[in-house]
Amino acid sequence: VQLHLDPDQMLFRDTVRKFLSKEMPVARVREIADDPAGFDREWWRRGAEMGWTAFLVPEDQGGGSVSGRGLVDLAIAAEEMGREVSPGPLVPTNVVAAALAEAAPDGRFDEALERLVAGDAVASWCVYEPPGGWSPETPGVEIAEKDGGFVLNGVKDRVEAGNVADLLLVTALGPDGVVQLLVDATASGVDVRPMDSVDTIRRYAQITFSDVRVPATALVNDAEASAAAIQRQLDIAVALQCAETVGAISRVFEFTMQWAFDRYSFGRPLASYQALKHRFADMRVWLEACAATAAGAADAVQARSARAAEAVSVAKSYIGDKAPAIVQDCVQMHGGIGVTWEHDIHLYLRRVIVNRAMFGTPNEHRLRLASLLGVGDEETTK
Amino acid sequence: VSTETMETLEAFRGRARDWLAANMPLRERDLDWGHIENEEDAWQRARELQHKLHEGGFAGVSYPRAYGGQGLTAEHQKVFTEESMAYDMPLLLNVPTFSICAPTIMDFGTEEQKRRYLPALLRGDEVWVQFLSEPRGGSDLAGCTTRATRDGDVYVLNGSKTWSSGAYAADYALCLARTNWDVPKHSGLTMLIVKVHQPGIDIRRIKQVNGASEFCEEFFDDVLVPAEDVLGEENQGWAVASRQLYHERTAVGGGSPYTSGRRMGGETAGIDLVAVARATGQVDDAHVRELVAEAHVLDQVQEQLIARVSDAIRTGQLPQTAASLLRLFSATTNESKHDIALEIAGAAAVTTPLVGVNTAQAGLDYLMRQGGSLGGGSSEMSRNLISERFLDMPREPAADRDIPFNQVKQGTAGVRR
């Protein structure tokens with residue numbers, strides 16, 4: 001989404017693009033729709049070698065980036081993965097890695113980070129609960145202190161990559177307020193159930209915690225730190241999600257343009273009809289605007305700007321509305337083939353509507369923005 | 001100017017900030033054409049403010065020194081605009097004088113023309129206007145029927161033009177006229193530099209639905225234009241007009257490197273949505289809060305898009321035709337913002353309250369909702385340009401292509417005498 005990439009970033013982009021088109025082209029992506037895991041661990045490790053899991057972790061904690069601007073670098077990977085509707089837990093693993101690194105510059109989570117960065121472990125960011133929307137600051141999952149550690153009870157759902165995750169970052173309500181804990185997915189009392197989702201590639205799970213015992217060292221963010229930490233995690237997640245969506249809609253726009261040139265009716269290409277040309281013109285404007293605001297969000301989050309939350313909500317509000325509109329218009333341009341299983345466009349439609357819905361809908365982000373702008377009573381805003 | 005001697009952006013910012021604080025008046029309220037009570041005074045004030053900028057060394061920041069500018073970069077101009085937000089600025093001179101007419105003179109003027117006209121306009125001494133659209137049509141500009149007939153040392157100009165903003169207050173016009181009727185339409189046009197106030201030119205002001213009368217129409221009756229006042233070459237006027245339209249799309253889209261001060265009709269102009277929401281007791285209403293945020297999103301994304309596309313055009317990552325993206329975004333965004341204002345104001349948009357915030361402004365502004373989608377080329381023309389010139393989709397069929405203009409069918413609607 002960035003207009004200007006340095007030579008190293010360009011090399012990284014080209015490497016990711018080549019890797020995906022060779023190892024995970026859309027044809028291959030379609031095959032793994034039937035695979036219970038949803039992605040191949042060995043493939044993920046190779047991605048990790050390229051840096052997919054390292055960019056939000058400082059060098060002294062085992063990470064590193066391409067340009068020194070890790071989030072912007074990671075957005076490059078996200079955009080490329082969007083272009084191929086790629087599988088892989090890019091957002092949850094990186095959000096959790098960033099959360100661990102930022103919460104523990106002292107190194108207390110370095111072992112977990114090492115596994116995540118190497119691609120040996122996958123992490124899930126457990127922030128949704130049935131049946132509600134985006135409200136991580138009011139979790140129903142509860143923790144109690146016991147024997148110098150904690151006991152965890154409750155249910156999370158829509159946990160991305162929850163079916164395969166090794167580590168779970170869980171937001172929960174403790175005696176002193178909202179906290180975040182790192183839970184081993186294999187711990188006793190953790191029950192993971194896959195959920196069917198609109199996105200056939202991306203996997204979600206419901207995870208039930210029944211008297212799960214976790215040690216005191218599992219505390220990532222205490223009640224004092226959690227609010228700011230969760231906002232930061234949200235900003236990272238949405239910035240990456242927006243970059244991924246821009247990759248997806250760019251690709252859809254490209255192949256739909258090609259279709260319009262190649263498809264003839266009444267002896268002329270679809271691309272010659274003014275009614276359709278005007279819709280392509282509108283879409284092209286929206287596409288550039290989506291890229292511009294996604295880049296703005298990535299820049300602001302990277303810089304930890306005081307206006308990062310605003311930039312993120314602006315981007316999500318705009319892209320969340322426009323991306324599904326663009327893809328549906330492209331479905332229309334395709335005609336009947338656009339609503340068949342055979343055509344790839346539904347894979348993209350699935351991805352963009354899932355991205356629209358997750359981590360705050362456009363409406364939820366507009367309400368967040370209104371609060372950031374000071375519009376509305378403090379009592380009614382979050 | 002080499003990079004060694006160029007003033008740094010930081011140094012320039014400091015100098016601009018100090019000078020503005022010491023010399024320019026603070027602005028009292030937003031300037032938008034629907035809301036100006038006395039248009040003549042506003043033009044006079046703009047000229048005076050430009051004089052001040054010129055004396056202070058801040059007129060034409062990115063124009064070459066040789067032509068009365070400061071010889072700095074578009075980035076310096078951007079910095080100056082950022083610093084100028086709190087001040088009363090001669091915004092009326094931005095479009096078309098600084099951002100459309102002047103760059104076109106830069107592109108096509110002879111050395112003599114550049115030295116004659118550019119310093120004067122940058123001083124605020126001379127205001128420019130465009131004589132492009134005609135009553136017979138605006139989108140098909142190359143089908144222009146204003147006639148310029150060469151007679152010895154002069155052209156004799158006859159015909160009419162319209163939608164020229166601020167013509168009554170202007171000194172010079174760039175006027176597109178037909179000089180050859182025996183060739184296809186694009187090949188017989190000439191761009192003339194015309195003195196606005198002279199015998200044979202009758203200017204009438206057009207009253208718009210919101211009561212403003214900023215736009216004018218002009219009638220030419222044997223107006224004499226010296227033969228040397230051609231911009232570019234005779235019968236090569238379409239090349240000049242095309243360049244002028246490019247500058248116009250860039251300016252109207254908000255991406256011009258030559259405007260100074262904030263955009264009119266941009267983020268700060270128009271109605272204050274939060275004030276309307278407060279005045280109508282809806283500030284805690286979730287739907288209204290979403291609408292206020294949505295307008296903010298559109299403003300922010302527009303700024304981001306302008307910065308991105310301008311940068312991309314400057315660095316060659318996008319072709320110049322991408323300027324139409326900004327033009328179309330600006331138009332559709334404007335429409336959405338009018339809709340949002342009307343919805344927030346609700347029934348309060350109907351009448352002007354006897355005290356407090358003028359909520360009826362939302363209703364009055366809405367009358368001009370399509371203005372931004374018509375001026376500077378219609379949104380439909382933008383969509384044609386984007387699809388045909390930027391996306392390389394097939395061109396629309398045209399019944400006048402490669403046909404001598406005097407054989408092209410002309411309709412009757414809108415043609416006036």
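Order of the sequence lines sets the chain letters (A, B, ...), proteins ahead of strands, with each chain counted from 1.
Here the straight-line distance linking atom CE of A:M257 with atom OG of B:S387 works out to 8.5 Å at 0.5 Å rounding. Note: B:L325 CG to A:W286 CH2 = 13.0 Å, rounded to the nearest 0.5 Å. Atom-to-atom distance recorded for A:T293:OG1 and B:R308:CZ is 10.5 Å, nearest 0.5 angstrom. Atom-to-atom distance recorded for A:L270:CG and B:M393:CE is 8.5 Å, nearest 0.5 angstrom. Atom SG of residue A:C290 and atom CG of residue B:L305 lie 10.0 Å apart, to the nearest 0.5 angstrom. Atom-to-atom distance recorded for A:E288:CD and B:F390:CZ is 6.5 Å, nearest 0.5 angstrom.
The residue among B:R395, B:Q282, B:E388 with the most heavy atom pairs within less than 4.5 Å of chain A is B:E388. Of all the listed residues (A:D282, A:L276, A:L369), the one sharing the greatest number of non-hydrogen pairs under 4.5 Å with chain B is A:D282. Contact count versus chain B (heavy atoms, under 4.5 Å) is highest, among A:G296, A:P269, A:A291, for A:A291. By number of non-hydrogen pairs under 4.5 angstrom with chain B, the leading residue of A:A292, A:P362, A:S317 is A:A292.
Counting only heavy atoms from C-beta outward, the side chains of B:R383 and A:R279 never approach each other to under 4.5 Å. In this structure the side chain of B:E380 never reaches within 4.5 angstrom of the side chain of A:Q274, judged on heavy atoms. No side-chain heavy atom of A:Y273 sits under 4.5 Å from any side-chain heavy atom of B:P394.
Residue contact with chain A, scored on non-hydrogen atoms closer than 4.5 Å, involves the side chain of B:L318 exclusively. Only the side chain of A:A295 comes within less than 4.5 Å of a heavy atom in chain B; its backbone stays farther off. Heavy-atom distances place both the backbone and the side chain of B:N384 under 4.5 Å from chain A. B:V309 touches chain A through its side chain: at least one heavy atom from C-beta onward sits under 4.5 Å away, while N, CA, C and O do not. Looking at A:L3, both its backbone and its side chain come within 4.5 Å of chain B, counting heavy atoms on both sides.
Other residues, nucleotides and ligands place no more than 12 heavy atoms under 6.0 Å from the CZ atom of A:R263.
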Would you please test A:K277 and B:L391 for side chain to side chain contact (heavy atoms under 4.5 Å, CB included) and show each step?
CA-CA 9 Å; A:K277 283 158 66 181; B:L391 296 175; over 6 Å; no

What verdict does the side chain to side chain contact (heavy atoms under 4.5 Å, CB included) test give for B:I386 and A:H278, after you've listed the backbone C-alpha separation in whole Å, the side-chain angles of each residue and the deciding distance to 0.1 Å?
CA-CA 8 Å; B:I386 293 168; A:H278 281 195; over 6 Å; no

Apply side chain to side chain donor-acceptor pair (under 3.5 Å) to the pair A:S371 and B:R289, showing each step before the final yes or no.
CA-CA 8 Å; A:S371 300; B:R289 294 176 65 233; 2.8 Å; yes

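The interface of residues 368-379 of chain B with chain A, defined by heavy-atom distances below 4.5 Å, is empty.
Residues B:D392 and A:F261 share a closest heavy-atom pair of O-CZ, 3.3 Å.
Using a distance-only test at 3.5 Å, with no hydrogens or angles considered, no donor-acceptor pair links the side chain of B:E294 to the main chain of A:R366.
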